[in-house]
Number of protein chains: 2
Amino acid sequence: MVSEKTVERLSLYRRILQQLRVEGKETIMSHELANILHIKPAQVRRDIMQLGYSGIPNSGYRIRPLLESIANFLDSPLPQSAVLVGVGHLGLALLANFAGRWRQLAIRAAFDKDPAKIGQTFHGCRCYAMSDLSKIIAETKSVVGILAIPGEGAQSVCDLLVQSGVSGILNFSPLRIKVPDNVFVEHVDLSATFEKVSFFARRMKLYSEEEKWKVENETTEGEYETLTTNQ
Amino acid sequence: MVSEKTVERLSLYRRILQQLRVEGKETIMSHELANILHIKPAQVRRDIMQLGYSGIPNSGYRIRPLLESIANFLDSPLPQSAVLVGVGHLGLALLANFAGRWRQLAIRAAFDKDPAKIGQTFHGCRCYAMSDLSKIIAETKSVVGILAIPGEGAQSVCDLLVQSGVSGILNFSPLRIKVPDNVFVEHVDLSATFEKVSFFARRMKLYSEEEKWKVENETTEGEYETLTTNQ
DNA sequence: TTTTACTTGTGAAATATTGAACAAATTTAT
DNA sequence: ATAAATTTGTTCAATATTTCACAAGTAAAA
């Protein structure tokens, strides 16, 4: 019933509001959040509406209870656990950023097929053998699996995760994995993203040069028009 | 005129087609690509239509010229350069995966404020001081900047990148940066993504349990209905 | 107290994206 | 050569998402 985009934005609102509260701010208006995120105020209001929280006309939203509403909506009563598969460069970066720091989704275990890594601890997270996957997922009650491996093995690892009871997968591999209907997958495809940015960067450059050209010639056209139609 | 989503998918088609060509496949049909990506065949055809390339009814698309059309559409005549700002864990992971390997968008230089990193080479990419940013961007003719730094400095670094002539930014920082209209920004917000996956994972679990409950009771309801309405 | 100015909540319009469906085209089989 | 089967290109419908616009409400000012 609630869209993915709304959930993403609620997460952004929370992060901003937490910061603002630290700075001593007590209320916020939809257009302030909108300006920070470069979206429209109506979007902010509509998202917040879905929380069931009401603001005060002419004053905005009180930050404290709004944060509570967001937490109530987004967060599980109990903190949730995740496991990471693939302790390569990307996996390590994820552990460095999210191993302990994140209250809501803590990465509790890592897995790799490289025997040299098994048994080691990376950024406070222990690395296990792939054969321990099911057992550890059950022990940690993990609901999310993070795939940070090259495409080849992704589908079989994914199947293993699903069999072990995971209901969400964050897939950094370039492969589009197949999962049952009752499992959520988010693809983060860095090389596709790179290509996209590269494409639009070039396009923006071309576009702005074309605009520049237009503006240069518009003056002439404008003069011509005022001379002839003189409206 | 072409949407971001279409560009992303074209990039995915290319990667798949390149693999299939290596495996000796010469033609492909829209429903094959669609099955691999879990989308509808009409979507594939529509995307390919935008390239101006035509398939053959009852045979599908010839892979070789289709790949050429995609390259023609997505790629710049000259390979494009990018610079990376922030050689932390994430920056290193990006360098490891994309420093040399990527024909289309090569990361040509890295920057960091940590003096210990300046002058070093990471995965074949040299790290410079922030003060060299403009100079190096000009020298390498970079069109894309990659921000892999914490939120605090993101806006000022972004402004620097834009001033230096970059027209695309790939932002891994949690800050929503502000850029002129003629600069393209893609946000990859890992913590928001984590929260999203966590949210929907929980929701999927709840939903599938509810479904299970329904199915268990449906039998009874079904029997009841056949007994009463007997349609 | 009354007025003014401003903000929320939300229906309705606008826009963007996807999906269904079918004519036209082409290959294969008869 | 003809018919049957299948796939493309594309239009139109369906769905999803965003934006507009305004009534209703509230605080501050007069």
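Just so you know, these numbers come straight off a predicted model, no measurement behind them. Letters A, B, ... are given to chains in the order of the sequence lines, protein chains preceding strands, and every chain is numbered from 1.
Sorted pairs that involve residues 143-163 of chain B and meet salt bridge (charged side-chain N to carboxylate O under 4.0 Å, His left out), not counting sequence neighbours, are lacking altogether. Residue pairs meeting the salt bridge (charged side-chain N to carboxylate O under 4.0 Å, His left out) criterion with at least one partner in residues 167-181 of chain B, sequence neighbours excluded, are B:Arg176-B:Asp189.
Only at 4.0 angstrom or more do the heavy atoms of residues 188-200 of chain A sit from any atom of DNA chain C, so none qualifies.
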* Run the salt bridge (charged side-chain N to carboxylate O under 4.0 Å, His left out) check on A:Glu32 and A:Lys25 step by step: do they pass? -> CA-CA 12 Å; A:Glu32 298 180 89; A:Lys25 204 163 163 51; 3.2 Å; yes
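Counting only distance, with no hydrogens or angles, the side chain of B:Ser76 and the backbone of B:Pro79 share no donor-acceptor pair below 3.5 Å.
When every heavy atom of B:Gly151 is checked against every heavy atom of B:Pro174, the shortest pair comes out as N-CD, 3.7 Å.
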* To do: Any chance you could list the contact pattern along nucleotides 17-30 of chain C? Use B for base contacts, S for sugar-phosphate-only contacts and - for none, protein heavy atoms under 4.0 Å, 5' to 3'.
  => SBB-B---BBB---
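Here A:Phe73 and B:Phe199 bring their ring centres to under 6.0 angstrom of each other.
Atom-to-atom, OH of A:Tyr53 to P of C:dT8 comes out at 11 Å; the value is rounded to the nearest Å. Rounding to whole angstrom units, CD of residue B:Gln50 and P of C:dA16 are separated by 13 Å.
With a 4.5 Å cut-off on side-chain heavy atoms, A:Val188 and A:Asn171 do not count as touching. Side chains of B:Glu26 and B:Arg21 form no contact here, defined as non-hydrogen atoms less than 4.5 Å apart. Proximity of A:Val162 to A:Pro180: side-chain heavy atoms (C-beta onward) are separated by under 4.5 Å at one or more points.
One finds a side-chain N or O of A:Ser30 lying less than 4.0 angstrom from the OP1 or OP2 phosphate oxygen of C:dT8.
Applying the side-chain hydrogen bond (donor to acceptor under 3.5 Å, both in side chains) criterion to A:Thr193, with sequence neighbours excluded, gives no partner residue.
A nucleotide of DNA chain D counts as in contact with chain A when one of its atoms lies under 4.0 Å from a heavy atom; the first and last such, 5' to 3', are D:dT17 to D:dA27.
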